[in-house]
Q: 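One structure follows; several queries about it will come next.
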Amino acid sequence: MKRLLYIIILLSTLTACSYDEDIALCDVTVQLVYPEGSIEPYEGARVEFKDAAASVYVAQTDATGRARFRVPAGIYEASSSNSYLDQSTDTWWQYNFNGVLSRQLVSNTQQNQLRLELKMSRKRVVH
């Protein structure tokens, strides 16, 4: 009888400890939107995607200005801060493009396509 009790306790302990370790990932696309009349989207702009636990995911844009992520479902903040140096004239200008998009819900039940509108500032580069 004692042996049967140990077997029951052992089996219930083993079945109670099983859990699913797979975390479903969501595909997310962040499209950088540059101010009208500034520059065209370019490859290599840095985009950060931060969740509520401060985990940061980083990607770079492709030639169309899109950054792609695979992240767990949650609430995120997308941000981008990039500089572009224009050397096409005798006067050089450094353009800074910054933007943030807060409280974005990412889930498997919706298309996760975000538009991050950037603001531009510029300064003259003296050489």
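What you see is a predicted model; the values in this text were computed from it and never measured.
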Q: Can you find a heavy atom in the side chain of S79 that is under 4.5 Å from one in the side chain of V47?
A: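 S79 does not reach V47 side chain to side chain.
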Q: Kindly compute the distance separating CZ (R124) from CH2 (W93), expressed to the nearest 0.5 Å.
A: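 The CZ atom of R124 sits 6.5 Å away from the CH2 atom of W93.
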Q: Linking Ile, Leu, Val, Met, Phe, Trp and Tyr by side-chain heavy atoms under 4.5 Å, what else ends up with V33?
A: none
Q: Report the residues that fulfil side chain to side chain contact (heavy atoms under 4.5 Å, CB included) with Q60, sequence neighbours left out, ordered by chain and then residue number.
A: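 Checked Q60 against side chain to side chain contact (heavy atoms under 4.5 Å, CB included); zero matches.
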Q: By the salt bridge (Lys or Arg N to Asp or Glu O under 4.0 Å) test, which pairs, at least two apart or in different chains, include something from residues 47-58?
A: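 Residue pairs passing salt bridge (Lys or Arg N to Asp or Glu O under 4.0 Å), neighbours aside: R46-E48.
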Q: Can you list everything that forms a side chain to side chain contact (heavy atoms under 4.5 Å, CB included) with L101? Sequence neighbours excluded, please.
A: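 Partners of L101 under the side chain to side chain contact (heavy atoms under 4.5 Å, CB included) test: A78, Q104, L114, L116.
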Q: With sequence neighbours left out, which residue pairs that include part of residues 27-42 fulfil the salt bridge (Lys or Arg N to Asp or Glu O under 4.0 Å) condition?
A: D27-R70
Q: State which residues pass side chain to side chain contact (heavy atoms under 4.5 Å, CB included) with S102; sequence neighbours excluded, sorted by chain then number.
A: E77, V100
Q: Which heavy-atom pair separates G99 from L118 by the least distance, and what is that distance?
A: N-CD2, 3.6 Å
Q: Side chains of Y76 and V28, heavy atoms from C-beta outward: is any pair under 4.5 Å?
A: no
Q: If you look only at pairs with a residue in residues 54-73, which of them pass as a ring-ring contact (aromatic ring centres under 6.0 Å, His included), with sequence neighbours excluded?
A: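 ring-ring contact (aromatic ring centres under 6.0 Å, His included) check on residues 54-73 returns F49-F69.
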Q: Can you list, by chain and residue number, the hydrophobic cluster partners of I75 when the side-chain cut-off is 4.5 Å?
A: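 Under the 4.5 Å side-chain rule, I75 groups with L105.
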Q: Going by the rule side-chain hydrogen bond (donor to acceptor under 3.5 Å, both in side chains), which residues pair with Q110 if we only count those two or more places apart in sequence or in a different chain?
A: N112
Q: Work out which heavy atom in M120 is nearest to a heavy atom in Y95; give both atom names and the distance.
A: SD-CD2, 3.6 Å
Q: Taking all atoms of both residues into account, what is the closest heavy-atom pair of C26 and V106, and its distance?
A: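 The answer is CB-CG1, 3.7 Å.
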Q: Taking the side chain as every heavy atom from C-beta outward, state whether T64 and P41 have any pair of such atoms under 4.5 Å apart.
A: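 No, every pair of side-chain atoms sits at 4.5 Å or beyond.
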Q: Identify which one of S81, S121, S83 satisfies the side-chain hydrogen bond (donor to acceptor under 3.5 Å, both in side chains) criterion when paired with N98.
A: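 Filter result, single survivor: S81.
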Q: For R68, which residues count as a side chain to side chain contact (heavy atoms under 4.5 Å, CB included) partner, sequence neighbours excluded?
A: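 Result, side chain to side chain contact (heavy atoms under 4.5 Å, CB included) vs R68: T29, D62, R66.
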Q: Sort and list the pairs that fulfil ring-ring contact (aromatic ring centres under 6.0 Å, His included) and have at least one residue in residues 102-125, not counting sequence neighbours.
A: none
Q: Applying ring-ring contact (aromatic ring centres under 6.0 Å, His included), can you list everything that pairs with Y34, at least two apart in sequence or on another chain?
A: F97
